[in-house]
Amino acid sequence: MTARPRIGHSRPRIGGLDVARALALFGIMGNHLMGSDTTASWFIVRIMADFHAVAFAVLIGAGAQLEYEAAKRRNDTSWLPVLIRAGFLIVLGLAVGWWATRIAVILVTLGLLTLVCRAIVPARTSIVAAILALFVIVGPLLTAANVAYDWGRPLYSPDFFDVVRPAAYISLMVADPYPFVAWVTYGVVGIMYVRLVVNAQRRYLAVAGGAIIGAAIALGVDLLTRDRATLFTDRLLTWEAYSGSYVNIISSALIVVAGVALCSWAVENARGIAGKALTVLAGVGQLTLTWYVVHIFASDRMIGFLENLEPHLAYLDIGVWAIQIALVCLLSPLYLANFRIGPLEVVPRWISQRIAPTRRDSHPRSGRGVPPEAPSRG
């Protein structure tokens with residue numbers, strides 16, 4: 001029997017995607033907290049690269065596709081819930097960005113990506129593929145040109161003041177670490193993943209293997225061209241995380257696809273203790289927006305301390321990371337045993353129901369989609 005984690009009173013969800021969300025959240029937390037200058041911290045950050053952040057962008061697209069399919073089955077494809085959800089993410093992101101001083105916040109980008117993906121999902125697969133190809137080709141050209149001509153500076157934590165700064169909009173679109181032109185690519189990859197893998201034959205291991213081979217080829221391009229690269233071409237072909245280059249976008253997207261496919265395969269084949277562990281992770285994945293914001297508020301002010309640890313406390317950053325993961329895994333099942341969705345996840349849905357009541361929640365078993373609200377590395 002297929003194991004599909006369901007915790008508490010949540011409607012049926014695709015457990016593999018929720019497990020991928022949980023792992024991405026742990027990566028976000030680790031990337032923020034690895035501040036001490038130790039080999040272990042360096043290794044952890046290098047291994048995670050930008051995959052956790054890219055994973056959430058891919059999952060935004062996957063969630064948008066699944067949510068649209070569920071809405072079609074309900075005969076209700078209204079834009080209102082999407083606008084409210086995206087608006088909530090943007091406002092929440094600006095508020096958290098105003099608070100955070102050391103942790104980059106990307107909720108604004110995810111809110112905008114929610115809108116873009118929703119606009120794309122009604123299109124035929126051939127059109128979606130053409131959009132993906134367009135952004136894969138044009139996006140790196142824009143991000144490389146930004147480095148060469150300095151159109152926009154890095155925008156790590158957008159806040160309310162950036163709303164009236166024209167330069168902030170340029171930075172949001174083309175500047176690292178989160179160039180929106182690259183993130184649209186990841187979102188569309190998520191849409192295609194649902195259409196070609198989740199909704200098709202679900203050959204997860206074959207997809208994972210092919211994606212890993214493709215990522216290795218992309219990384220090889222960087223190695224072969226690095227010695228002859230100019231500033232512009234290096235920005236087009238560098239493997240550097242968050243750069244938005246051809247190699248970065250293609251390799252990161254493929255590695256994330258491989259990871260999501262492996263999570264889905266594990267969920268469908270796990271038994272015993274492994275199955276129970278995946279069920280806990282799936283529960284964490286249902287609450288990623290809430291846990292992301294909690295992590296920001298709990299961690300932002302301690303980052304400076306973790307970056308300047310005394311030698312006898314050199315591995316405290318890893319310890320803090322492990323404690324946060326343990327607490328999240330412990331509290332998520334307890335929460336979901338009593339509540340259907342997370343405290344922050346429920347806000348846009350509550351607003352939607354107050355503005356335009358629907359029958360969305362009257363048939364909890366009717367949809368298999370996953371709400372696309374989810375945080376990324378921020």
Side-chain angles (χ1 to χ4, degrees), residues 13-21 24 50-74 76-79 81-83 85-86 89 106 109-140 178-204 207-208 210-211 214-215 244 249-264 285 288 367-376:
R13 299 168 62 102
I14 296 181
L17 300 186
D18 279 332
V19 170
R21 283 190 180 88
D50 62 352
F51 305 140
H52 40 77
V54 173
F56 273 117
V58 170
L59 292 167
I60 284 284
Q65 177 67 41
L66 291 165
E67 187 73 7
Y68 181 74
E69 292 173 2
K72 285 181 66 177
R73 290 193 292 271
R74 297 191 307 267
D76 177 16
T77 55
S78 168
W79 267 83
V82 180
L83 292 173
R85 182 165 55 248
L89 285 175
I106 199 171
T109 302
L110 292 179
L112 294 173
L113 186 59
T114 297
L115 295 175
V116 172
C117 289
R118 174 58 180 81
I120 293 174
V121 292
R124 299 193 306 271
T125 298
S126 59
I127 301 298
V128 176
I131 293 172
L132 176 60
L134 175 64
F135 274 92
V136 168
I137 294 170
V138 175
Y178 311 119
F180 191 69
V181 290
W183 284 67
V184 172
T185 301
Y186 301 139
V188 180
V189 166
I191 294 172
M192 295 294 286
Y193 177 81
V194 171
R195 294 189 180 193
L196 302 180
V197 181
V198 175
N199 291 347
Q201 298 180 8
R202 302 192 181 193
R203 294 178 177 173
Y204 293 125
V207 169
I249 287 178
I250 293 172
S251 62
S252 292
L254 288 175
I255 289 174
V256 166
V257 165
V260 173
L262 290 174
C263 287
S264 298
T288 45
R368 66 173 192 171
V370 188
E373 61 264 30
S376 179

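The model shown is predicted, which means the values in this text are computed figures rather than measured ones. Note: hydrogens, waters and symmetry copies are ignored here, and every other heavy atom, side chains too, is used.
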Close side-chain approach of [X] to [Y], heavy-atom, < 4.5 Å:
X	Y	result
L66	L17	yes
W183	I106	yes
L132	V189	yes

Interatomic distance, [X] atom [atom1] to [Y] atom [atom2] [nearest 0.5 angstrom]:
X	Y	atom1	atom2	answer
F51	S251	CZ	OG	6.5 Å
T109	F180	OG1	CZ	7.0 Å
D18	T288	CG	OG1	7.5 Å
I191	L196	CD1	CG	11.5 Å
L110	L89	CG	CG	7.0 Å
Y186	I60	OH	CD1	14.5 Å

Of the non-hydrogen atoms in [X] and [Y], which two are nearest, and what is the gap between them?
X	Y	answer
A215	I255	CB-CG1, 3.6 Å
W79	L115	CH2-O, 3.7 Å
Y193	S264	OH-OG, 3.8 Å
P179	G244	CG-CA, 4.3 Å
D50	S252	OD1-OG, 2.8 Å
A182	I249	CB-CD1, 3.8 Å

Using a 3.5 Å cut-off and no angle test, enumerate the donor-acceptor pairs between side-chain atoms of residues 118-128 and protein atoms at least two apart in sequence or in another chain.
from, atom 1, to, atom 2, distance (Å)
R118, NH2, T77, O, 2.8
T125, OG1, R195, NH1, 3.2

Could you go step by step and tell me if R85 and E67 meet the side chain to side chain contact (heavy atoms under 4.5 Å, CB included) rule?
CA-CA 12 Å; R85 182 165 55 248; E67 187 73 7; 4.2 Å; yes

How far apart are the C-alpha atoms of N199 and Q65, what are their side-chain angles, what is the distance that settles it, and do they pass the side chain to side chain donor-acceptor pair (under 3.5 Å) test?
CA-CA 10 Å; N199 291 347; Q65 177 67 41; over 6 Å; no

Applying the side chain to side chain contact (heavy atoms under 4.5 Å, CB included) criterion to V207, which one of V260, L254, V197 satisfies it?
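When V260, L254, V197 are each tested with V207, the side chain to side chain contact (heavy atoms under 4.5 Å, CB included) holds only for V197.
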
